Amino acid sequence: MKFFVDTALIDEIVELNDTGMLDGVTTNPSLIAKSGRDFKQVIAEICKIIAGPVSAEVAATDFAGMVAEGEVLAKIADNVVIKVPLTYDGLKACRHFTGAGIKTNVTLCFSANQALLAAKVGATYISPFIGRLDDTNIDGMELIADIRTIYDNYGFATQILAASIRGANHVSDAALSGADVATIPPGVLRKLYDHPLTDKGLAAFVKDWASTGQSIL
Ligand code: G3P
């Protein structure tokens with residue numbers, strides 16, 4: 001499973017990239033607003049840090065506007081992925097970019113039918129929002145599993161990018177459900193390695209090692 005980090009904060013991306021765990025980055029207008037920085041500048045900086053895919057979302061909601069904006073964003077770097085919303089115009093824009101050889105991420109997906117349409121227009125990634133579905137009492141993970149089944153039934157190459165991840169369990173559950181990628185907020189990524197039994201076990205090893213009086217170096 002590939003790991004993308006869901007943030008527009010450069011410091012976080014640099015730090016997490018150093019661990020070798022990162023395969024890419026996703027951003028959205030809310031994350032750009034939170035960064036307080038210039039959108040295109042931030043995307044250019046991220047693309048210099050990360051060799052993998054970097055999702056940059058269009059702001060327009062009409063087909064012509066999405067195409068015009070996406071073409072500007074795609075020129076920033078070769079690894080930019082154009083993120084479009086799962087609307088009628090967004091799907092048309094996705095088809096346009098796919099036809100032009102530009103990678104796409106279709107976002108704000110909340111149903112299996114929406115995911116089916118994204119695959120039909122050749123999306124590189126489909127982003128089902130797990131957490132936001134859970135918020136409405138619908139099991140977001142079931143959607144991931146349904147999309148996996150549908151894509152496998154027909155051999156669609158679109159990659160399932162589990163988004164709106166809120167906790168560590170979402171990551172392992174998305175992996176079990178067959179997601180190709182998880183885009184994870186930095187705080188959740190750091191929680192993936194935490195386990196109280198690891199901490200307890202390590203404390204015991206450190207204490208017992210000290211009692212031997214030995215040194216490896
Ligand atoms: O990038 C889209 C997605 O991950 C947003 O997550 O927590 O705002 O629902 P959230």
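Everything numeric in this text was worked out from a predicted model, so none of it was measured. Order of appearance sets the numbers: ligands from 1, and atoms from 1 within every ligand.
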*So Arg148 and Asp152, salt bridge (Lys or Arg N to Asp or Glu O under 4.0 Å) or not? Walk me through it.*
CA-CA 6 Å; Arg148 179 75 282 150; Asp152 289 349; 3.2 Å; yes

*Side-chain touch Val58/Pro85, heavy atoms, less than 4.5 angstrom*: yes

*Considering only non-hydrogen protein atoms, determine which one is nearest to atom 6 (O) of ligand 1 and report residue, atom name and distance to 0.1 Å.*
Ser164 CA, 3.3 Å

*asked:* Can you tell me if Asn28 contacts ligand 1 (heavy atom of the residue under 4.0 Å from the ligand)?
replied: yes

*Heavy atoms only: which of Arg132, Lys83, Arg166, Glu57 is nearest to atom 5 (C) of ligand 1?*
Arg132

*With a 4.5 Å limit on heavy-atom distance, are the side chains of His96 and Val84 in contact?*
no

*Does Asp208 CG have over 12 foreign heavy atoms under 6.0 Å away?*
yes

*Counting only heavy atoms not in Arg190, do more than 12 fall under 6.0 Å of its CZ?*
yes

*Atoms in ligand 1 with a heavy atom of Phe129 nearer than 4.0 Å*: 2 (C), 3 (C), 5 (C)

*What protein heavy atom sits nearest atom 4 (O) of ligand 1, and how far away is it?*
Asp6 OD2, 2.5 Å

